[in-house]
Amino acid sequence: MNAQVAAYLNAVGPVLCLDIGSGTQDALLARPGLEPENWTQLVLPSPAKAVERRVAKLTAARRDVWLYGGNMGGGFTRALKRHVEAGLRVSVTLEASRAIHDSEERVAALGFELRESCPAGAVPVHLGDYSPEWWDALLEGLGLPRPRMVLAAAQDHGVAPQGNRQARMDMWRALLARSSHPADWLYDSVPAGLTRLAALHRATGGPVADTSTAAVLGGLCSAGVRRRAARQGVTLVNTGNSHITAFLLYRDEVHGVFEHHTGMRTLEDYVHDLKEFRLGWLPDEQVRATGGHGTAFGGVSEEAGGYAPTYLLGPRRAFLEGQGQNIAPCGNMMLAGCYGLLRGAAERFSR
């Protein structure tokens, strides 16, 4: 734990850091006065996985479902489709329907009914990436203090007429234009269009960020990465359960972002893409043509020397076995995003 983090925790109090992915939500309760080794660490199923299981149980029980709450990570739509295919009803409030699709027409086309009140006989199912009541009950049951601050990350595809893959890259370009320092990519005020992060921010009351922002900040928690990046450019690759994101780093600054879907292409395809990406030669439209999100560059530096040293993060980093060095910032790879959020918030606080 560096001096910035210690000062931040002493000023703020216990901080709950959440990195909410498609498969897991990783949690860190950082507490002042304790060594980081004694901070509570949890790797739990993602909120979307919990919704998926809840719907599956209601399908088996032959009960109709009413979804309420707000926007959150998807992944449970298949369970809802199976519910309808079983001859059961799915109804959803307008606000909660954003977790399924931004278009009301698309939601209705799936066979889901928009209803602002729970139909008779239906079972209410709450949607949301963060529930303060749930977390308070869990921490109390573990004998742990409630957080004074919650830092949270989730992936937001954004709302855009041109498609959410384009919206993702527009987000990265806006962040790179704003600052090359990823600590500045934590949102105290969420831009229009990032509706999932806006809902998460309303629920937590604290700064929020994209999960890939949390990952690159987590990579910079590794002393080895920082030392190497101080001398030459490096590539940090986060291979998540759904998305693979790579960053070009030099002296704590991000010079480029590449984003695709983890299981969509072969290892050879990604090795080729990353080689071209390091050289600044990989066009955004070429990545989109293969089903990915794209690339965004913020000023590739010749001084960085090619960004050849590569570091690997993420729950599916074994996919890139042999293509770089596995790292575990602060001793726990799955908690890299949580440590990254804490590092970013502490860096901003120190200013």
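We're numbering straight along the sequence, starting at 1.
Under the 3.5 Å distance criterion, with hydrogens and angles disregarded, a donor-acceptor pair is assigned to the side chains of Y339 and Q41. Under the 3.5 Å distance criterion, with hydrogens and angles disregarded, no donor-acceptor pair is assigned to the side chains of E95 and T93.
Both L110 and M72 belong to a single network of hydrophobic side chains, linked directly or stepwise wherever heavy atoms of I, L, V, M, F, W or Y lie under 4.5 Å apart. Using a 4.5 Å cut-off between side-chain heavy atoms of Ile, Leu, Val, Met, Phe, Trp and Tyr, with links allowed through other members, L28 and F349 fall into the same hydrophobic cluster. Under the 4.5 Å side-chain heavy-atom criterion for ILVMFWY residues, a single connected hydrophobic cluster contains both V257 and L175. With hydrophobic clusters built from ILVMFWY side chains whose heavy atoms lie under 4.5 angstrom apart, M334 shares a cluster with L342. Residue L151 is grouped with residue V5 when hydrophobic side chains (ILVMFWY) are merged at heavy-atom distances under 4.5 angstrom, including chains of intermediate members.
Side-chain atoms of E116 come within 3.5 Å of backbone atoms of L94 as a donor-acceptor pair (strictly under, hydrogens ignored). Judged purely by atom type and a 3.5 angstrom limit, H101 uses its side chain to pair as donor or acceptor with the backbone of S103. Side-chain N or O atoms of T262 include one that pairs as donor or acceptor with a backbone N or O of G240 at under 3.5 Å. Between the side chain of T24 and the backbone N or O of D26 there is no donor-acceptor pair closer than 3.5 Å.
W39 places a side-chain heavy atom less than 4.5 Å from the side chain of L9.
Between the CZ atom in R228 and the CD atom in Q325 there is a gap of 8.5 Å [rounded to 0.5 Å]. The CG atom of D210 sits 9.5 Å away from the CG atom of D19 when rounded to the nearest 0.5 Å. Of the inter-residue distances, the one linking H181 atom NE2 with D252 atom CG reads 7.5 Å to the nearest 0.5 angstrom.
Partner of R196 under the side chain to side chain donor-acceptor pair (under 3.5 Å) criterion, out of D156, D129, N71: D129 alone.
Aromatic rings from Y270 and H260 are positioned such that their centres are separated by under 6.0 Å. Aromatic pair H126/Y68: centroids less than 6.0 angstrom apart. A distance below 6.0 Å separates the ring centres of F277 and F297.
The existence of a salt bridge linking R98 and E104 is confirmed by a sub-4.0 Å separation between a basic side-chain nitrogen and an acidic carboxylate oxygen. Under the 4.0 Å criterion applied to side-chain N and carboxylate O atoms, E113 and R115 are assigned as salt-bridge partners.
Atom CH2 of W134 sits in a crowded spot, with more than 12 heavy atoms from other residues, nucleotides or ligands closer than 6.0 Å. Counting heavy-atom neighbours within 6.0 Å of R54 CZ, excluding the residue itself, gives a total of 12 or less. Heavy-atom neighbours of R351 CZ from other residues, nucleotides or ligands within 6.0 Å: above the threshold of 12.
Note on ring orientation: taking the six-membered ring where Trp is involved, the planes of H293 and H157 are tilted (angle from 30° to 60°).
Hydrophobic side-chain contacts under 4.5 Å tie L186 into a cluster, directly or through other members, with L217.
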